Structure formats: C-alpha cells, structure tokens
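Okay, so here's the structure we're looking at.
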Amino acid sequence: MEAIEKIKEVAAQAVPGAKLEIINSTPAAQQPALLVDRDHIYAVAKFLKEDPRFQMDFCSCVTGVDYLQKADNPGFIEVVYHLYSVAQKHGPIILKVRAPRELDQCRVPSLTSLWRGAEFQEREAYDLYGVRFDSHPDLRRILMWDEFTDHPMRKDYVPPADYEWEPTPHHDTLERTVQVGGITPPTAREELEKARKK
Amino acid sequence: MAVDEGLRSELQKQGIFVLPFEQLYNWGRKSSIWPLQFGLACCAIEMIASAAARYDLARFGAEVFRATPRQADLMIVAGTVTKKMAPLVVRLYNQMPEPKYCIAMGACAISGGPFKDGYNVLKGIDRYIPVDVHIPGCPPRPEALIHAIMTLQRKIANQHLETENRLRWYDKNAETEFPIPSYGDHDLQPPANCEVWQPPRSYRDVTLDEVKKA
Amino acid sequence: MIQPLTEEKQFTRTPGSEGLIETQTLEVSIGPQHPSTHGVFRMDCVLDGETVVALKPVMGYLHRNHEQLAERMAWLGSMPYTDRLDYLNSMSNNWAYALAVEKLAGIKVPEHAEYLRVIMSELTRILNHSCVIGFMLQDLGAWGTPLLYAFRERERILDLFEAVSGSRMMCNYMRFGGVRVDMTSKDLAVAKNIVSRFPRFLDEFEMLLTGNEVLLARMQRIGILPKELAINASISGPMARASGVEYDVRKIDEYGVYGRLDFRVPVGNVGDVYDRYYIRVLEMRESIKILQQALHDIPAGPHVAPEVKLRNFKIPPGDGYGRIEAPKGELGFYLVSDEGGKQPYRYHVRPPSFINLTTLEDMCLGHKVADVVIILGSIDIVLGEVDR
Amino acid sequence: MAIPILFVLSVFLGIFAYTTLVERKALGRIQNRFGPNRVGRWGILQPIADGLKLLIKEDIVPRRADQFVHFLAPVIAVIPSILLFSVVPVGTRLVPVDLNIGILFAFAVSTVSVLALFMGGWASRNKFSLLGAMRAVAQVVSYEVPMVLAAVAVVMAVGSLSTLRIARAQSGGILNVTNWFVFRPWGFVGFVLFTIGAMAESARTPFDIPEAESEIIAGYHTEYSGFKFALFQMGEYLASIAMAGITVTMFLGGYNGPGSGPGWVGGLISMFWFFIKLAFMIVLNIWIRGTWPRVRVDQLLGFAWKVLLPMSIANIVAVGMWHYLTFRPLAWVATTLWLVLWFVTLSKLAATENVAPRTYRYAS
C-alpha cells in the first residue's frame, strides 16, 4: 500500500482536473485522508475501485461530519468514505468530500452505484445531516419518521422540549422563592393542554 | 358483594369456606398471566432469559408468550421506547383485551433511562399508557422481572369489581382506549397524554417557553 | 354481509396478469412487533400468494441517538453506551471503542490486558453465535428448545462476566489502555471450565440439529448471497465468510494479540442460510481454540496502562477509525476530536448488522414468507446496533 | 345414549385441559425447565385458571370484521372435534355410537373443521389471518387424501367401516397384542402414514404452518381473543386427541391389550389400555413438537402429493396381496418387499433438490 502522497499523485494523473488535498489526522492515528472536490469524487472513487494497484472493492464506512462556522472557516458538511480492499487485503484509503451547510446547497454525488454498501449509510447521512446524494436510488429518511423535518445530528439542531421535572439540589430554594414571591407557576399540564387545543 | 372478613373467618372455623366470586375471578387471572411477545431493546434479552432454564417464568404459568396482542394479558415494555415506536406501542396496548396490565421493564421504559437526553427517545412509556409495575435497572435482572410478575399478581389479587378501586374495565367512566400520538414535524403530537400522565410542576422557565412554542 | 377485500390501498394488481385469472398482490408489513424480527424491525413485503415479490426494510424504531449523546459527553462517558449498541455482546463493543480511542490518542496497551480482552471478546463470540443459532432455529419453528439450550450456556458465561465486571449484560469492562479490573485466578479457572465444557454442548446441539432433514430442506439453497455482491455491499463477518469472502479483521489487522494466536477462518461456498448457520458453528469451535491458547499463555502484568490518566482525558485534534471483528462483522468507530479534545466532536459507529441488511431484499426475492424470517435470522441483526 | 355423551364430554374435555398442562410441563422438561408448578401442587390447577381467565377476557371483534362469521368460526371449530369422539371405541363395553360407517363419519366430520379455520381467517379481515386460512385449506385438503387412503387399507382388511369391528378384528393372538395391525407390514406403513396425516390435519408441529408463530403471528386466530380463542385451541387439541384415538383404534389395536375382554373386568382393563395408548400418542405429539423445526408450505404440499399419496396407494395394493396370499410367510415377504421397494423409489425420487451435508474450507 503506497503512501498517501503517491495515491494523490496517481489519482491526479488518472482524473484530470480533480482538486486533491491531503488532510492529516492525529500523529498517533496515522490515517491521512484525501479531500476531493465534489465534481470529481465519483471519478476518483471509480478509479480507486478499478485500478489494479488499489482495488478498493470494500466501502466500509460512510458518514457525515458537521463543522460549524468558525472565525476563518465558513463551515461545511464533510462526507467521509473509508475504503478497504478485500482482494488485496490492504487499506484504508479515506476519501473526504465537502459541501456547504445550507440545506439547498448541501449536495454531493452518491457512490452507491460503485458500492452497494454505501446505500443505507448515505441514506443515514441524509437523514441525520441533510446531505443530498445526487443519483442515489432511494434517498429517503431511514432512522427518523418520514414526516420529520429536521436533521438532528447537525450541531445547531434544537431538540424538542419534552423533558420532565426532576428533583435537583436547588429544588427547595426554588420552591421557597416561589412561595415568598407569591408566584404560582402554571403547571406543565395546562401548558400541554393549551398546546393541544392549538 | 364482599363477604365480611370476620364472618368469613368465623365460618372457616366451622369448616365452611366462602369463596367470593371476585376472589375466584382474581385467582384465575393472576395465575395465568400471558405476556405479549414483544421486546424493544436490551431488556428483551433478559426477558427471554427469565423464561429460560435458570429462571423459568413458566412456574407461574406466565411463559405463554403470545405473539398477537389479542390473546395477551400483560405487556412487558422491555426496553427503550423511541418516539418512532411510541404510537405503535400505544396501539398494541389498545389492541389487547381488557383486563390488561403493563410492566415497564428497565430504566428506559420508565423514564428514558440513559438515553433520556435523546431527541428520539420517549421519556417513559407512562406518558401515554398507564403502567402497573415499574422495574428499575439497566437492564433489570431476570429475578427482578419475576418479582414484578409476583407484584402484579398481588395487585390483581387485591382488585375489586365494584368498589372505588375497581378494575378499569368495570368502571364506566374510565378510559380503555388511549389516544395514539401522531408523527409531527419535530416531535410526537401531542407530546404526552394528559389523561394518563400529569407532569410535575415545572420551575424551569426555559421548558415552559418551549412548551408554549410547541 | 361478507365484504370483499378490495381496497386500493391494500392491493395492487400484478402486472402481466391480464387475461389470466385475476390475482392481486398482498402488501404485508412484517413488524415492528413480530416474533421473528428480533426486536423492532419492519419489513414491508409485497406477496404474490406466499412468494415475496418486493421487500423494503424499515428501521429506526430503536434509534436512540447514541451518536449524539456521545458527542455531548466526555470520551470515557460513552463506554457504557457502547454496551447497549449490540446488547448481546457488550465486551466486543467496548473493545472496538477502546481500540479507536487508543488509535487516536496513541495509547499502548499492556500485554496482560490484551489477553484479557481476547478472552472476553471470544467468550462473547461464542455466546453471540450460540444465541443467534438458537434464534434462527426459533424462527424455523423449533419451538424454543434450541434457543433455551443456548440460553442455558449463556448463563454460564454471564456468571463469569458478572463475577469479573459486576454486571451480567452491560459489562462496561474495557478502559482506554486496558481493562477496568483484572481477572482473578479463580475467574480464570471458571473460564477454563466453561471453555472445556463448551464443545460438549456444541456436539449435543449439532447432534440435535445439523443432520435434521427438515432443517436441511429449509435452510439449504435459501437466501443465496453471491460473493461479488457480498463484497460490493460491504457485508462483513460470518455472513460474508459464508459467501466465500476470505476476510477476517482479526487476521488482516492483527489487532490485540491475534497475530500470535493460532486459529483458522472457516469459509463457505454457497452463501445460503445453511452456510451462515454452519460457519457460525465452526467459528465457535475456532473460538474455543483461541480461548484455550489465551487462557494458557496469559502473561502476568498490569491490567491497564499506568500512564493513561482517565480523569481529564484529552485527545489532540484529528480523526481516526478503529475496527475489530465483532461477532456480527466489522465493527468500527470513526472518531473526530477538535480543539479542547475533552469529548468527541464526531462519534460514528459503523454497525455491521445495519450494513449487512443492505442485501436483505436481494436475498429474499422469490422466496416464501417462511424463508424471509430465517434469512433475516441468518443475517443476525441486533436492533440496538442497527438503529443505534 | 346419555351416558356415552356425558362420558365423552367430561372425560375428553378433561383430557384436553390436562393435555395443555402436560404439554407445558413436557416442553419445560425438554428445555431444562420445570414448567408450571405454582398454581396448585405440580401446577395441577393451571388449566382451570387458564380456562377461567380466558372465559372472562374481553371479547374483541375488529370493527371492520364480518361479525357473524367471526362469531360462528370458533363454534364450528369445536363441534366437529367433539363429534369425532362419538365413533371412538374406548373399551369393549363403551362405544358412544356404533355407526356402521364410523370411519367415513370420522373423516367427513373432521374435514368440517377446515371450514372453521377458513371462516375465522377470512372474517377477521387481517392479512396474517388470511394467509393462515389459505395455508390451512391447502394443508388439510391435501393431507386428507393420503390419510383416507391409509384408512382404506384397514377397511379392506377388516371388511367393515365400523370402528368397533375394526377394533374387534385386532383382538386375539398372543396376549391380545400380536393381532394389532401395526404388526403387519401394511399396517405399520399405514400407521406411519396416518400419524403423519393426522398431525398435519390437526396442524401440529412440524406441520403447524397455518398458525406458524414465527411467520404469520398466530395465523387464522390472530384476531381472536378470550374464549373464542380458547374454543379454537380446544377444537384443535380435541381434533388431535380424537385423531390419536382413531389411530389407536385402527392400528394400535384399539382397546385390546393383555387382559381385555368382554366382561366387566375385561372392559375396565380394555379402557385402561385404550387410554395408555392414547397418552402415548399425545406424548409422541408433544415430543415431536419440542424438538422439530417446521416445514415450509410448498415442501409440506409436495410431501403430501409426491410421497404420501403414492405410498398409500402402494399400501392398498399390499393389503390386496395380503388378502390373496393365504400362505402367511409368503404374504409377509411379498408385502414387505413391495413396500420397501416403493419406499426406496419414492425417497430417491423425492430427493431431487441439492440437499446434502457439506464440507467447508478454511481461509489461507
């Protein structure tokens, strides 16, 4: 198995025009990844799958990562593919592809036509992160119900408020405050009923 | 009509045993609790283990796990109830014939347990259906489930047909069919069944605000 | 009075049935509450008589946000949650997560701890495989007997787990850089006893079942998964090996001390349900061999790396992927750490049984309803892992 | 007339109730468990508690079900099963009704129960019920044929359709045992065929596909609760007990055994033998249930038409040979050879699929 620099070089030759970049992992993990632009990810993946030197026939893991906006960085959703080779028993080659966080622009090409194994995992990434995989055969929600509109694994997702009250160390103090101030907070039941009427 | 306890013991001394219909009825029900064959998560494995060789739930006549809710008396909610699953659990409970009982097995079924913070986890099945016995533990040991069955047997034995504490089925005003929540855009609609579950008073304004929004 | 069952929603016409006797296909939703979906899994089947013409798996009924919860708590905090992923074998889930974190943080594990991990993980494997075979035969209609035999054996192993880790099912046993508590010499003796008794159980099990004509007729040539499709669909574990894929992460990565242990990887030829059944039996026999060696060779030493400080445990920014051969297949953890490094920024589980479900429809088409349940049983899913 | 009816209703319903207990206990022992033992000593009151509970459960009729047919089905399921007992000779002095067309009556009545299964499955308006009902019809109709033909062999040998005469024809011999038809080549084959057929007819494992729990929930009685479900169970168990009784009568010598005879004492002893044999057949059923996987519906039908049917026809020819070859040793040899030949041929023909033990390799 060649070093990542060599793979980058070979892939750049095979797929002209592809913008490739090496992203280093922690020094301990030693798993550098290849960042590919959205337009050429399919071609690069196809090359890695079919080239006799690599034969990456096993797409082990597909997942999304949500990077929020930071000072120098507009924020993006990254889709990570971990490829192994069963035929040559080597790997992994890690492919990364980035898309903007906005829901309407968050699209990347689907690799399901290369590896069936990506089918459910891409559906999961769509469900949890809202990444639209173009030319995916069956892009529906897989874990949440169909009527659900959010993408809950995004870092800015706000979960529904359905926690119930639990006794805390501060409970007595709160109770006393309420009694002293003469405030009776509405019970959550009333609130729920109101919400139901609406 | 319950026989006076003193009279009964007096009669027993004379060699006359009085068996009220109610007692016979409760004995029949408590000796033959057939659970619904229905496992949700981790606890289901311990539920199977409690029916297996070492623990043997069959001793109590409770090993007849029926696959169809129509023939079951007891629903053991064994595991995490997610929001996607909750309407189906309520529907299964509705499909069971009265008199029916429910055991919430494990921390998740009681309150959401370790997964309580999750966006898709229901914070306890008692939000939608009445629970008769709660078993804490993650997962509870099979002994705990057997204890729960025995507790339920005690509960059944003390139920009445006519007084205040009568069976739900014999109470004309009681609800026997529970509303099934629907899938909403962000959460289940409604988030809880107020007839069954009344949340404790909340002092957290954040929660209230968000409830208002919902 | 008898109402005909004609409702557009329930039925659709079979294409190409014009001119013949009018037939209709039947849409049946098997699950989420069904005796043989192994939890809350649903299969939307379209049946033509008894034959399956379309099948869509529907999951998510046990989606309990494992990944998001893990991203909110410290690195060690997710260890007990991994127990609840694949709740039949918590030990190997622990190992996969610990391995991924160790890879990311560059922690070296002492040898004694590696042996303890191998012992626990292989015990888990035989536990899992025997239970799975039991479940599969339950689906075949063997009325509980094989399942309860398997659970009888399971209790023996769980007793050991409880003695060592304090819990029957949710062991929470491994730590970054080792294991939580050492096994005493008494525990090791118990483990040896279990290992020496297990082949007898396996022989009994096989005598009861393997040659049974009904079992052969029900299992052979059912749900065939070709080798190429198995690789392309990322199928892993015993299911892939039954299809003839010679791939075992224990042999490829040689994580832990598997490089030193002598064992073989059984491979099937046909890739049907029977192969998946029998490969598991053979794997249990190999696991026994591994356990005998590990219990014999285990060196003395610390059970956890002394330099690892679990309090205020931090990992420098970066990402890493660690995987092991769990009983169900390749179990991987993809972890991303960012600035601060106190908790995972991204925590992703590569669940083997979720991905093994990809080809469910391909295997089931053209078979009968009765076959669908055993094909599902032979995939060996645990919903805690499928939905996470 | 009243005494036999009372006898049938009390004894066989009691046997039904305790068969369920014995089944649960026996399955428990097969699976290393105890089985019910808390309700009364040795769980002896368990069936009573079950019955009581099922009697007072809510009776649910699905809103869109066919109310009338839904109600009628369990009733129809149980009545033929009770009627079956009327032609089973329990002892030399106790036959409920000695019909001269007893066997014919038994088959006619037992087939009615399939109607009940179909009515139940259809009226429930549930897809699993419908599947179960279709399976039940296919199964019962196909197993009826080899079963009847297996019985025809006995009828030919005895020359009568009366169950009492069939039982009587097996008396005599050494200790009243050697004349049992099961000790004839054709009788043995007929016994095996009839037992398999009876098991399939009453939907017992490994032929329990109409209510296969792991496939179609509970089959035709998925939507039945409370006492209607109990009636279905009762009909099924009673039919299987009655079929066991008819098997005993036709092949296992009926009430004949050492000491049975026409007198009062002999009559009591003959009842003892009958019930011992009946218990043997019931336990055999339970044993098979505890250890065998279920067959698939197409395999089940294939087995009925491709193996059982030709074999039962061959068995009829064997009876003919037995009848005309009056020199007994020759008859023994000829019929045995004939049946073995057929058995070998049919098992060769049936083994067309690639079902074989396999070898496995190990990765390099």
Side-chain angles (χ1 to χ4, degrees), chain C residues 1-3 5 10 26-30 34-36 47 49-50 137-149 152 208-221 241 246-248 251 264-270 274-275 278-279 282 286 368-374 377, chain D residues 23 27-28 30-33 64-69 119 122-123 125-128 130-131 134-135 138 205-209 211-218 286-300 302-303 347 350-351 353-364:
Chain C
M1 191 179 278
I2 296 169
Q3 298 151 333
L5 284 163
Q10 288 179 339
L26 183 64
E27 273 178 42
V28 180
S29 164
I30 299 179
H34 188 274
S36 50
L47 304 179
E50 288 253 345
L137 293 162
Q138 175 89 338
D139 296 347
L140 266 183
W143 244 93
T145 308
L147 179 66
L148 295 195
Y149 275 37
R152 188 189 64 197
L208 185 63
L209 294 162
T210 302
N212 186 314
E213 289 83 5
V214 177
L215 187 122
L216 291 178
R218 284 294 306 275
M219 280 186 168
Q220 292 200 345
R221 302 261 151 205
R241 288 193 283 278
E246 295 184 9
Y247 199 76
D248 188 322
K251 285 279 186 198
R264 299 174 298 174
V265 180
V267 177
N269 299 318
V270 185
Y274 184 80
D275 272 0
Y278 208 71
I279 288 289
L282 292 174
E286 293 300 316
K368 303 272 183 287
V369 190
D371 297 327
V372 170
V373 296
I374 57 165
Chain D
E23 174 150 29
L27 278 178
I30 288 172
Q31 299 165 354
N32 284 294
R33 300 185 284 117
R64 300 203 297 162
D66 191 323
Q67 315 279 334
F68 181 62
V69 180
M119 280 161 73
W122 178 263
R125 212 184 166 93
N126 177 313
K127 290 168 185 174
F128 290 115
L130 191 64
L131 277 174
M134 293 190 319
R135 287 175 169 199
T205 317
F207 306 113
D208 59 342
I209 58 165
E211 45 183 302
E213 195 179 70
S214 61
E215 295 155 22
I216 50 170
I217 313 289
I286 295 171
W287 190 3
I288 290 174
R289 182 178 182 193
T291 42
W292 271 58
R294 182 188 306 125
V295 295
R296 203 172 57 214
V297 61
D298 55 329
Q299 290 166 348
L300 177 98
F303 184 62
S347 48
E353 294 189 40
N354 309 322
V355 173
R358 291 188 187 157
T359 51
Y360 289 87
R361 67 199 165 90
Y362 291 91
S364 46

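Owing to the predicted nature of the structure, the values given are computational and were not obtained by experimental measurement. Naming: A, B, ... by sequence-line order, numbering from 1 per chain.
The nearest pair of heavy atoms linking D/Gln31 to C/Tyr149 is CA-CE1, 4.1 Å. Here the closest heavy-atom approach between residue D/Glu211 and residue D/Ala218 is recorded as CB-O, 3.6 Å. Minimum heavy-atom separation, C/Asn212 to D/Pro293: ND2-CD, 3.6 Å.
Proximity to chain D (any heavy atom under 4.5 Å) is shown, for C/Thr210, by neither the backbone nor the side chain. Residue contact with chain D, scored on non-hydrogen atoms closer than 4.5 Å, involves the backbone of C/Gln138 exclusively. The part of C/Arg152 that comes within reach of chain D is its side chain, from C-beta onward, which places non-hydrogen atoms under 4.5 angstrom from that chain. If you measure heavy-atom distances from C/Leu148 to chain D, the contacts under 4.5 Å come from the side chain alone. For C/Leu216, the parts lying near chain D are the backbone and the side chain together; criterion is any non-hydrogen pair under 4.5 Å. Of the atoms belonging to C/Val267, heavy atoms from both backbone and side chain fall under 4.5 Å from chain D. Within the 4.5 angstrom heavy-atom criterion, only side-chain atoms of C/Leu47, from C-beta onward, approach chain D. Of the atoms belonging to C/Tyr274, heavy atoms from both backbone and side chain fall under 4.5 Å from chain D. With a 4.5 Å cut-off on non-hydrogen atoms, C/Leu282 touches chain D through its side chain but not through its backbone. Contacts between D/Ile209 and chain C at a heavy-atom distance below 4.5 Å are absent for every atom of the residue. Looking at D/Val295, the atoms closer than 4.5 Å to chain C (heavy atoms on both sides) sit in the backbone and in the side chain alike.
Between chain C and the residues D/Tyr360, D/Trp292, D/Phe128, the most heavy-atom pairs under 4.5 angstrom are made by D/Tyr360. With chain D as the partner, the residue from C/Ile279, C/Leu147, C/Asp371 showing the most heavy-atom pairs under 4.5 Å is C/Asp371.
Judged purely by atom type and a 3.5 angstrom limit, C/Thr145 uses its side chain to pair as donor or acceptor with the backbone of D/Gly290. At least one donor-acceptor pair closer than 3.5 Å links the side chain of C/Arg218 to the backbone N or O of C/Ala370.
Looking at residues two or more places apart in sequence or on another chain, you find a salt bridge (charged side-chain N to carboxylate O under 4.0 Å, His left out) between C/Asp248 and C/Arg241, C/Arg250.
Ion pair D/Glu215/D/Arg294 flagged as a salt bridge, since at least one NZ, NE, NH1 or NH2 atom sits closer than 4.0 Å to an Asp/Glu carboxylate oxygen. A salt bridge links C/Glu50 with D/Arg135: the closest approach of a Lys/Arg side-chain nitrogen to an acidic carboxylate oxygen falls below 4.0 angstrom.
No option in C/Leu140, C/Ile374, C/Val373 other than C/Val373 meets the side chain to side chain contact (heavy atoms under 4.5 Å, CB included) test with C/Ser36.
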